[in-house]
Amino acid sequence: MSIRTITFDAIVVGGGGAGMRASLQMAQSGFKTALISKVFPTRSHTVSAQGGITCAIASSDPNDDWRWHMYDTVKGSDYIGDQDAIEYMCQVGPEAVFELDHMGLPFSRTEEGRIYQRPFGGQSKNFGEGGQAARTCAAADRTGHALLHTLYQQNLKSGTQFYNEWYAAELVKDSQDNVCGVIAINIESGETVFFKAKATVFATGGSGRIYSSTTNALINTGDGVGMALRAGVPVQDIEMWQFHPTGIAGAGVLVTEGCRGEGGYLINKDGERFMERYAPNAKDLASRDVVARSMMMEILDGRGDGPDGSYVYLKLDHLGEEVLHSRLPGICELAITFAGTDPVKEPIPVVPTCHYMMGGIPTNVHGQALKLSGGHEGDAQAVNGLFAVGEVACVSVHGANRLGGNSLLDLVVFGRAAGLYIEDALRQGMTQYEPSNDDLDRALSRVRRWDESKGGESVASLRKELQSTMQNHFGVFRKGDLMEEGVEKLANLRERIANAHLEDKSGAFNTARVEALELDNLLEVAEATAIAAAGRTESRGAHSRYDFPDRDDENWLCHSIFDPLTKQLGKREVNFKPKTVDTFQPKVRTY
Amino acid sequence: MKVSIYRYNPETDREPAMKEYELDTQGKDLMVLDVLNLLKEQDPSLSFRRSCREGVCGSDGMNMNGKNGLACITPLSAVAPGVKEGKKPLVLRPLPGLPVIRDLVVDMTMFYNQYEKVQPYLQNNTPAPAIERLQSPEDRAKLDGLYECILCACCSTSCPSWWWNPEKFLGPAALLQSYRFLADSRDNATEDRLSKMDDPFSLFRCHGIMNCVSVCPKGLNPTRAIGHIRSMLLERGV
């Protein structure tokens, strides 16, 4: 078993906001840190985040309070977000956001010279009693782009070692399940290498490409979740997928919630502002799960427009050209390019579109991946050597439904937190676990399988079938029998994908090989989603079932845990013990 | 429609060649990236970069019928008259002036090196306040048209001055970034930044050809930014 080995103190897999915030922290402290990314880091999906980063920095409202943000986030999560983690995120948030300004992030400004904040969905003042808050810090409607470039620039300055266009294919662990590093392929040359490190941080982002229609980039194939599941690490709340209310119909391209924050609203084919009926108080700024469901109900009731009556409209023209061009310039461009409509004049056709994976690898607030021996919080044990941050992780601050603007906050706060923790652990001496030749051989088997494939179905056709299965069986509204059918289809796809064919076996920039390896990951995420969705017999947050239309706190006020070894769904307690504030008790959730 | 694509695999091809494809687009005005994705289903060995498919990540810069742009936000109708209707072939080549790794994938090392040379990060040696560094909306407005760069390299690879001196002339993308920090009221490394460009090549090789402006998929204007730096350098020299 001969394979080139490159050794670091820490490796980060993924060059989006979470990964680069983590690597920055460690590189600044002088530890030998590598960042492995399958694309040049500024091509990561964080770049597509538009509206902003939600955080109580008290700019738009000098009396704003992180506890109000915490309340909104707990309520938004439909009460299965961990309150200790949400508390940490909301409390530490302002420090992390000010750091971004100090790094150079070009935030939009108020007349006072402070960071501009806009209203977003699900935001309130005074624990839901004080009306709509404006808490989302923005750089026009290009906040993710500004954030990602700023973090890349800081990493350049701090000497992070980048392995750009390297594809992490498999986790390497020893016989005791301690994580030793990853197998990665240099896409440019085709060389396969073992990256050995004391700490392996997954920051691989989401997996929206399991659906046919998604706002996610083509690279969002769930590589981290796939690697974790194959290594026997469980995933949590993976049935919870956010459908963003405003994807451009047909194209799936995202239109920021900031549009509604700035005063835009949704109308049906009759021109009616229908959200007034569904959420009389918050209206178009209700939480995303609520708005997406309301839109689907309008469409299913025949009030959608277009040839198939399949979309509604986002109306912005009343905001005026000046506001649209200064606050939402990127949206104007996207609408013209992908919908052929100029929002200054006409409404944009929109439809709820798969957007965000609330579930993922369970972690504590330090980003340590957890394995769970029982259902109790105390039973969670860290997986030695493995960390996860950002969308691939489930820490869990989003629970059953993420609030807009909380993903960027999640990734900087927990990227930073994992970096700080690892820095400290390295200083105190972290163990480097050593894999045996057999361990390495096992990790390489998947790459080898594709390289030795001689015939079978094509990657593209199988991927399409997988995506349409998820789209048709696990969408906004779900139903038991339909989901069971979906689970069966995926079992069938698993067999076929195991025998699929990689025709092109060349080394240099072989994107067909990368797509084949990605397909394995899509399947892992899809199957876990399907089994967890069929297993959670209630409706909560983004998970909405016709056959179980109500929230069931008696049985399901808990995380779901999907165990890849048994393919069974277990439960885990939610944390209701914040350290500095009283517990927010579950209430009926209305907007 | 007919599509003609530059193909080169260093492991099997002695030299690059154009390969012809046929595709039925049913008359739809697809994006060039959609065309590439459909062709990749036919021929998985075709290599190109792509990620966001909405014009913000900068992965799929390429040369389409002679002009650089992003495949994902360029509809066939905008490539050239007759392409969408199938009267004229769609001709795709890698970005010019950079070494080709395979097919439409170029080695961007030279481009990134120039970016790194301009110290593309905020520098401020005064202690940071407990909140953000204040910046007026007017000062912030100076960054508009600069910070939006997506590093797609469409501009630098269309610049004859850069083709001629890719190692010494920083090129439009890097210079735009340089000015993004020179223009930032929170940055105070102006003198250091300017002194590093005060030579005959780094900046002054720009001859105002403005190819960069005509191809920038984000509508940015590197030539104007270069003009601003030029003025700053000249003022400094006086």
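Just so you know, these numbers use all the heavy atoms, side chains as well, and skip hydrogens, waters and symmetry mates.
- Although no hydrogens or angles enter the test, the distance criterion places a donor-acceptor pair under 3.5 Å between the side chain of B:Ser47 and the main chain of A:Phe509.
- Taking each heavy atom of B:Leu122 and A:Met103 in turn, the nearest pair found is CB-O, 3.5 Å.
- For chain A, no part of B:Asn124 is nearby; none of its heavy atoms comes within less than 4.5 Å.
- Proximity of B:Tyr112 to A:Phe162: side-chain heavy atoms (C-beta onward) are nowhere separated by under 4.5 Å.
- A distance-only check finds no donor-acceptor pair linking the side chain of B:Glu54 to the backbone of A:Leu334 [under 3.5 Å].
- Although no hydrogens or angles enter the test, the distance criterion places a donor-acceptor pair under 3.5 Å between the side chain of B:Ser51 and the main chain of A:Arg43.
- The closest donor-acceptor contact from the side chain of B:Arg50 to the backbone of A:Ile219 lies at 3.5 Å or more, if one exists at all.
- Contact count against chain A (heavy-atom pairs under 4.5 Å) is highest for B:Ala128 among B:Ala78, B:Pro10, B:Ala128, B:Gly219.
- Across all non-hydrogen atoms, the minimal contact from A:Ala512 to B:Pro44 is CB-O, 3.5 Å.
- With a threshold of 4.5 angstrom between heavy atoms, B:Gln177 approaches chain A through side-chain atoms but not through N, CA, C or O.
- Looking at B:Glu11, its side chain does come within 3.5 Å of a backbone N or O of A:Gly507 through a donor-acceptor pair.
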Item to complete: May I have the step-by-step check of salt bridge (Lys or Arg N to Asp or Glu O under 4.0 Å) for B:Arg102 and A:Asp504, ending in yes or no?
Response: CA-CA 13 Å; B:Arg102 172 172 173 169; A:Asp504 179 3; 2.7 Å; yes

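- Contacts of B:Pro129 with chain A are made by both backbone and side-chain atoms, with heavy-atom separations under 4.5 Å.
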